[in-house]
Visitor: 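One structure, as C-alpha cells, below. Some questions next.
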Number of protein chains: 2
Amino acid sequence: MKTALALFARNGIHATGIDTIVEQSGVTKKTLYAHFRSKEELVLAVLRQYDGLARNEFMRRVERGGETPRGRLLAVFDFAERWFQQNDFYGCLFINTIGEYSSKDTPIRQICQEYKKLVKGYIQELCVEAGASDPQSLAEELALLLEGATVTAQISQSPKIAKTAKRAAKALIDKATA
Amino acid sequence: MKTALALFARNGIHATGIDTIVEQSGVTKKTLYAHFRSKEELVLAVLRQYDGLARNEFMRRVERGGETPRGRLLAVFDFAERWFQQNDFYGCLFINTIGEYSSKDTPIRQICQEYKKLVKGYIQELCVEAGASDPQSLAEELALLLEGATVTAQISQSPKIAKTAKRAAKALIDKATA
DNA sequence: CTTTAAGTATACAGAATGGTATACATTATA
DNA sequence: TATAATGTATACCATTCTGTATACTTAAAG
C-alpha cells in the first residue's frame, strides 16, 4: 500500500495527487483516508517508513562492505554507487522533499533533518572506530562528500561520481588517521 | 517582474500557482501570458535568468576573494558561507528544481545540468591555474564538497558547514598540488 | 487628433486538487 | 445466523489550478 506511494520519490510531493496514488495503488480513497487523516499525514508516514528502511539498508550494506573500520567508511561510497545505479534512483527523497518545504516548523522538515543527523551519527561512529583524531570533523567531511555525490549523480545521471567521492574520502581519512 | 517570481526558490515550482505570482508581482495575468506562453516557459525564463546572475555573482566573488589561484579555490567556500547566511537562502534553486522534475528530457532539467556543468568547469579552470596534477579530478572533488555543503546548510540551517567544506577542500588541494 | 500597442481589472472555462458521503460487498467474530 | 468492521466503487463538493476572453484605461507614435 504505502509501497506504491513512492510516487513521491519520482515526481515530488506537490506534483503527486491523491487521485494518482489511489489509482496506482488499487486502494480506494475511503480506505486511504481511513488510515491517514490528510495528505500531509500520508506524506509523514511514507517519509518515516522510508527513513527506517533506508537507514537500515545503508548500515547493513556498509557493515558487510568492509572488514576494517576504514574499509567500512569507504564502503559507504560503494553503497552510494550501487544506489545511484538503480533505475528508480531519483536522488535522495529527503533532499528533494526539503526543496519543496521551506517552512521551518513543518514536521516534514524535521523528519528530513533527523534522517541526515542519524546518518551522520552513524558515519561518526565508524570514524571513531577507525581511530580518527577528530571523528566529528571527519564525519562531517565524509557526509558532505556523500550528499554532494548524491545530488551530482541525480543531476548528471552518472553514478561514477561515487568513485570520485570515494577517492576524496580516502584522502581525508588518511589525513585524519595519520 | 521576473524578480518577484523567485517565489519558486522559496516554495518550489509546483507549489507556486500562477495566481500567487500574479498577485505578488502586481502584474496582470494577461500581461504575464503575453510574455510567456505557459507556466513552463515562465519557469524556463526564470531559471535561465537566475543561471546567468548566479554564475556571474559566483565568479565575481571568487575572483575578488583570493589573490593566488589556491586562494581563489578556497574563496569558493567563503562565498558559500555568505550565501548560506542569507535569510532568503532556500538551497540551490537548480537542485530543488531537479527534485521536482525527474523526466529526463524536459528542458528544465537541461538548464539545471548545464548550470552545474559550467560551475564545475569554472572550478576546473581554477584548478589548472593552481597547478593541480589532475585538475579535472580535483575540480570534481571540490564541486562535490560545494554541493554537499549547499544541501547540508539547507537541511540543517547552519551556514558553518561551509567551514568544514573549506577545511576538507584545503586538504584535497594540498594533496593535488604537492 | 487618432491609431496602435500594452497595460489593468475581472470574469470565466475546464480540468485537477484535497476531502467527504452514499451504497454495496466481503469477512470475521459473537 | 446476525452484527460489526473493513473494503470497493463511485459520485460529489468546494477550491484551486492553468489558461483565455472581454472591456476599459493609458500612453506613445504617426
Side-chain angles (χ1 to χ4, degrees), chain A residues 1-50 90 93-94 96-112, chain B residues 1-50 90 93-94 96-112:
Chain A
M1 171 148 59
K2 289 178 191 175
T3 64
L5 311 186
L7 287 154
F8 289 152
R10 176 155 66 238
N11 300 323
I13 294 175
H14 286 112
T16 305
I18 294 283
D19 289 353
T20 313
I21 297 171
V22 163
E23 194 180 329
Q24 300 224 7
S25 68
V27 150
T28 227
K29 234 183 199 180
K30 176 102 187 275
T31 339
L32 201 164
Y33 276 97
H35 288 287
F36 313 101
R37 242 174 294 178
S38 66
K39 182 181 181 180
E40 173 155 344
E41 250 186 50
L42 169 63
V43 171
L44 286 171
V46 169
L47 288 179
R48 269 193 264 264
Q49 179 192 259
Y50 180 76
Y90 299 106
L93 175 60
F94 299 103
N96 293 345
T97 301
I98 281 277
E100 294 196 63
Y101 292 88
S102 66
S103 163
K104 288 191 202 332
D105 56 350
T106 172
I108 293 180
R109 264 194 89 92
Q110 288 178 3
I111 295 183
C112 298
Chain B
M1 174 147 61
K2 289 180 194 173
T3 64
L5 310 187
L7 287 154
F8 290 150
R10 177 155 65 237
N11 300 323
I13 293 175
H14 286 113
T16 305
I18 292 285
D19 288 353
T20 313
I21 297 172
V22 162
E23 196 180 328
Q24 299 224 9
S25 68
V27 149
T28 227
K29 231 185 206 181
K30 177 101 187 277
T31 340
L32 201 163
Y33 276 96
H35 288 286
F36 313 101
R37 241 172 293 178
S38 66
K39 183 180 182 181
E40 173 155 342
E41 250 186 49
L42 169 63
V43 171
L44 285 171
V46 169
L47 288 179
R48 269 193 263 264
Q49 180 192 256
Y50 181 76
Y90 299 105
L93 175 59
F94 299 104
N96 294 345
T97 301
I98 281 278
E100 293 195 65
Y101 291 88
S102 66
S103 163
K104 288 192 203 330
D105 55 351
T106 171
I108 293 180
R109 264 193 89 93
Q110 288 178 4
I111 294 183
C112 298

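Below, chain A is the first sequence line, B the second, and so on; all start at residue 1.
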Visitor: Do any N or O atoms from the side chain of B:Thr16 and from the backbone of B:Asn11 form a donor-acceptor pair under 3.5 angstrom?
Guide: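 Looks like no, no N/O pair under 3.5 Å.
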Visitor: Given D:dG7, D:dT18, C:dT17, identify the nucleotide with an atom nearest to the side chain of B:Asp19.
Guide: D:dT18
Visitor: Using a 4.0 Å heavy-atom cut-off across all strands, classify B:Thr16 as base, sugar-phosphate, or nothing.
Guide: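 Here B:Thr16 touches the backbone only, sparing every base.
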Visitor: Give the rounded distance in Å between these two atoms: CD1 of B:Ile18 and C1' of D:dT15.
Guide: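 Going from B:Ile18 (CD1) to D:dT15 (C1'), I get 17 Å.
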Visitor: C:dA16 P sits how many Å from B:His14 NE2, rounded?
Guide: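 Taking NE2 of B:His14 and P of C:dA16, I get 14 Å after rounding.
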Visitor: I want to verify a distance call: between D:dA9, D:dG19, D:dG7, whose nearest atom is closest to the A:Thr31 side chain?
Guide: D:dG7
Visitor: To the nearest Å, give me how far apart NZ (B:Lys30) and P (D:dG19) are.
Guide: 16 Å
Visitor: Taking the side chain as every heavy atom from C-beta outward, state whether B:Thr28 and B:Val22 have any atom pair closer than 4.5 Å.
Guide: no
Visitor: Which residue, A:Arg37 or B:Ala34, contacts DNA chain C at a nucleotide closer to its 5' end, judged by nearest heavy atom?
Guide: B:Ala34
Visitor: Return the nearest nucleotide to the side chain of B:Thr28; candidates are C:dA21, C:dA9, C:dG18.
Guide: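 Selected nucleotide (nearest to the side chain): C:dA9.
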Visitor: Has B:His35 got a side-chain N or O lying under 4.0 Å from the OP1 or OP2 atom of C:dA6?
Guide: no
Visitor: Atom CD of A:Glu40 to atom C1' of C:dT17: distance rounded to whole Å?
Guide: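 Interatomic distance, CD of A:Glu40 to C1' of C:dT17: 16 Å.
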Visitor: In the structure I gave you, are the side-chain heavy atoms of B:Thr97 and B:Ile111 within less than 4.5 Å of one another anywhere?
Guide: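 B:Thr97 vs B:Ile111: side chains apart.
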Visitor: Given atom CD1 of B:Ile21 and atom P of D:dT18, what is their separation to the nearest angstrom?
Guide: 7 Å
Visitor: Separation of B:Lys39 atom NZ from C:dA16 atom C1', in whole Å?
Guide: 13 Å
Visitor: From CG of A:Leu32 over to P of C:dT17, roughly how many Å is that when rounded to an integer?
Guide: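 Those two atoms, CG and P, are 14 Å apart.
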Visitor: Can you find a heavy atom in the side chain of A:Ile13 that is under 4.5 Å from one in the side chain of B:His14?
Guide: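 Not in contact.
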Visitor: So, does B:Arg109 use its side chain to make a donor-acceptor pair with the main chain of B:Tyr101 at under 3.5 Å?
Guide: yes
Visitor: Could one point to a donor on the side chain of B:Lys29 or the base of D:dG19 with an acceptor on the other under 3.5 Å away?
Guide: yes
Visitor: Roughly, in whole Å, what's the span from CG in A:Leu42 to C1' in C:dG19?
Guide: 13 Å
